[in-house]
Student: 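Here it is, the structure in full.
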Amino acid sequence: MTAFDFGPFLLLSGKDNVLVARANAAEGLAVTLESGPVTLTRPIPMAHKIARHAIAAGDTILKYGMPIGIATAAIAAGEHVHIHNIRSAYTATISLQDADGVSAGVSL
Amino acid sequence: MINAWARADGRKGIRNTVVVAYLVECAHFVASEIVHRFRNTPHEGDVQLIGFPGCYPNEYAAQMMEKLCTHPNVGAVLFVSLGCESFDKVRAANAVDTSGRPVKTLVIQRAGGTRSTVQAGADWITQTIAQIAETPRTQMGVDELIIGTVCGGSDGTSGISGNPAAGKAFDLLVAEGAACIFEETGELIGCEDIMAERAITPELGQILRESVQKAERYYATLGYGSFAAGNAAGGLSTIEEKSLGAYVKSGDSPISGLIKPGDIPPTGGLYLMDVVPDGEVRFGFPNISDNAEIVEMIASGAHMTLFVTGRGSVVGSAISPVIKICANPDTYRALAEDMDVNAGDIIEGKRSIAEVGQEIRDLVIAVAQGAQTKSEDLGHREFILTYKSFEPIGPACLPSAA
């Protein structure tokens with residue numbers, strides 16, 4: 001596990017290619033990743049994920065050091081990693097908008 | 001020590017409840033009216049509604065009903081039948097009678113309809129409450145407790161705070177000799193190999209692996225994983241991500257066995273409950289909502305259940321108390337009146353996983369000694385039982401019983 005400071009994001013395992021928000025992170029927030037600084041292009045709600053570094057389409061997504069899915073598109077460092085750009089290796093994920101239409105945290 | 005109720009079969013209960021069980025949906029309203037008669041009385045909360053809605057017979061439901069009605073937290077049972085449903089009410093009543101508990105069956109078609117059945121039921125319960133108040137008490141150790149765990153309304157915090165803290169509590173309880181049950185093989189998809197390595201025998205490891213493979217096939221046929229829309233809103237992207245978060249609530253203890261709903265753990269230790277039906281896909285989803293899982297662990301003897309939530313569930317359960325552990329600090333602030341433990345402190349860096357795990361373990365003992373959980377105090381007594389089918393477990397599932 002690296003001692004790198006990702007600000008409001010957690011690295012759960014040194015093998016991971018995603019970081020997890022431990023608080024709501026605002027759009028425009030500057031975050032320093034190992035590859036350099038990035039700016040969040042959308043709000044990242046608590047417990048959502050961003051890319052630790054650039055991820056190619058077809059790459060396995062690792063969290064807790066374990067595979068949690070497969071990238072369906074190229075994902076830039078610092079970009080939101082969720083159901084719009086990764087898929088399960090098992091069964092498809094379904095989602096709905098929340099009643100307020102935004103807190104689902106995804107815009108497909 | 002815990003001051004428990006001593007049952008005739010030697011088991012020990014932490015509550016002394018009268019359950020009113022409807023045996024078909026057609027008897028549901030009458031049964032619920034009987035329970036409502038005890039609202040705003042000193043016995044509110046002690047008279048609880050359970051039931052089975054179907055008119056067609058199902059061996060799983062029959063066995064579950066018998067196990068639930070002879071659970072050590074249950075002191076007496078009132079069955080409410082319409083009269084023409086297929087549920088075998090004589091078999092169920094005989095099982096309760098054999099266990100030494102007071103039991104009564106009311107048949108609406110013969111009891112004069114709604115009002116007279118409600119009155120007859122309320123009268124029987126009033127006299128029976130006085131009778132079961134005389135049930136002898138006995139000392140009970142932590143090593144005689146059976147504790148279940150589920151997670152529901154999970155989000156991305158569940159796997160970081162609430163579930164690891166529940167897992168730490170499980171490690172403490174297993175070390176003290178308690179039997180702990182985790183479940184939902186459909187939410188262990190992706191974890192089968194790391195879980196199999198924790199089995200106490202290689203044969204059991206293979207059985208654990210196969211139970212998850214069975215869940216994977218079952219859900220693939222249904223075309224839908226054990227994954228709700230709110231899980232995605234909460235930051236979980238795939239079933240395997242949800243699974244890894246859910247798996248950690250099992251803690252780090254060796255896995256002593258695999259049980260199915262209604263099987264009682266033979267010794268202390270950690271057990272996986274296989275909740276996915278055997279054979280071809282019948283009757284729909286294995287467990288249609290969180291309370292179906294809680295009910296199955298109660299049928300396997302669970303005295304209480306640890307329920308970890310991130311999005312925020314408010315449910316309790318009939319028969320056995322539910323301790324709610326909130327993984328998400330924002331949800332805890334929003335729903336504090338429903339939450340027993342704030343594991344969101346871990347996310348905010350205020351407390352460690354070990355500290356919250358110890359709090360959960362201590363709360364388990366307090367609830368066993370009679371403290372009310374938040375959901376009990378609020379009056380939550382959710383219950384659901386539907387159709388399933390299982391084959392019995394084989395001897396390799398419980399190596400420690402041999």
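Each chain gets a letter, A, B and so on, in the order its sequence line appears, and its residues count up from 1.
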Student: Would you indicate whether B/Lys324, at its atom NZ, is surrounded by more than 12 heavy atoms from other residues, nucleotides or ligands within a distance under 6.0 Å?
Tutor: yes

Student: Could you tell me which portion of A/Ala23 (side chain, backbone, both or neither) has an atom closer than 4.5 angstrom to a non-hydrogen atom of chain B?
Tutor: neither

Student: Can you tell if the side chain of B/Phe227 reaches within under 4.5 Å of the side chain of A/Thr93, non-hydrogen atoms only?
Tutor: yes

Student: Provide the closest heavy-atom pair for B/Gly234 versus A/Ala47 in the form atom of the first, atom of the second, distance.
Tutor: O-CB, 3.8 Å

Student: Using a cut-off of under 4.5 Å for heavy-atom pairs, which of B/Ile194, B/Asn328, B/Asp155 has the most such pairs with chain A?
Tutor: B/Asn328

Student: Using the salt bridge (Lys or Arg N to Asp or Glu O under 4.0 Å) rule, collect all pairs that involve residues 55-78 of chain A, keeping only residues at least two apart or in two chains.
Tutor: A/Lys63-B/Glu241

Student: Which atoms of A/Tyr90 are under 4.5 Å from chain B, going by heavy atoms: the side chain, the backbone, both sets, or neither?
Tutor: both

Student: Provide the closest heavy-atom pair for B/Ser237 versus A/His82 in the form atom of the first, atom of the second, distance.
Tutor: OG-ND1, 2.7 Å

Student: Identify which of B/Leu244, B/Ile347, B/Asp330 forms the greatest number of heavy-atom pairs closer than 4.5 Å to chain A.
Tutor: B/Leu244

Student: Find out whether B/Glu240 and A/Pro67 are in side-chain contact, i.e. whether some heavy atom of one side chain is under 4.5 Å from a heavy atom of the other.
Tutor: no

Student: Who passes ring-ring contact (aromatic ring centres under 6.0 Å, His included) against B/Phe390, sequence neighbours left out?
Tutor: B/Tyr60

Student: When you measure from the side chain of B/Thr238 to the backbone of A/Ile68, do you find a donor-acceptor pair of N or O atoms at a distance under 3.5 Å?
Tutor: yes

Student: Do any N or O atoms from the side chain of A/His48 and from the backbone of B/Ala233 form a donor-acceptor pair under 3.5 angstrom?
Tutor: yes

Student: Please determine whether the number of non-hydrogen atoms from other residues, nucleotides or ligands lying under 6.0 Å from atom CD of B/Glu391 exceeds 12.
Tutor: no

Student: Testing the basics here: between B/Ile239 and A/Ser88, what is the closest heavy-atom pair and its distance to 0.1 Å?
Tutor: CG2-OG, 3.6 Å

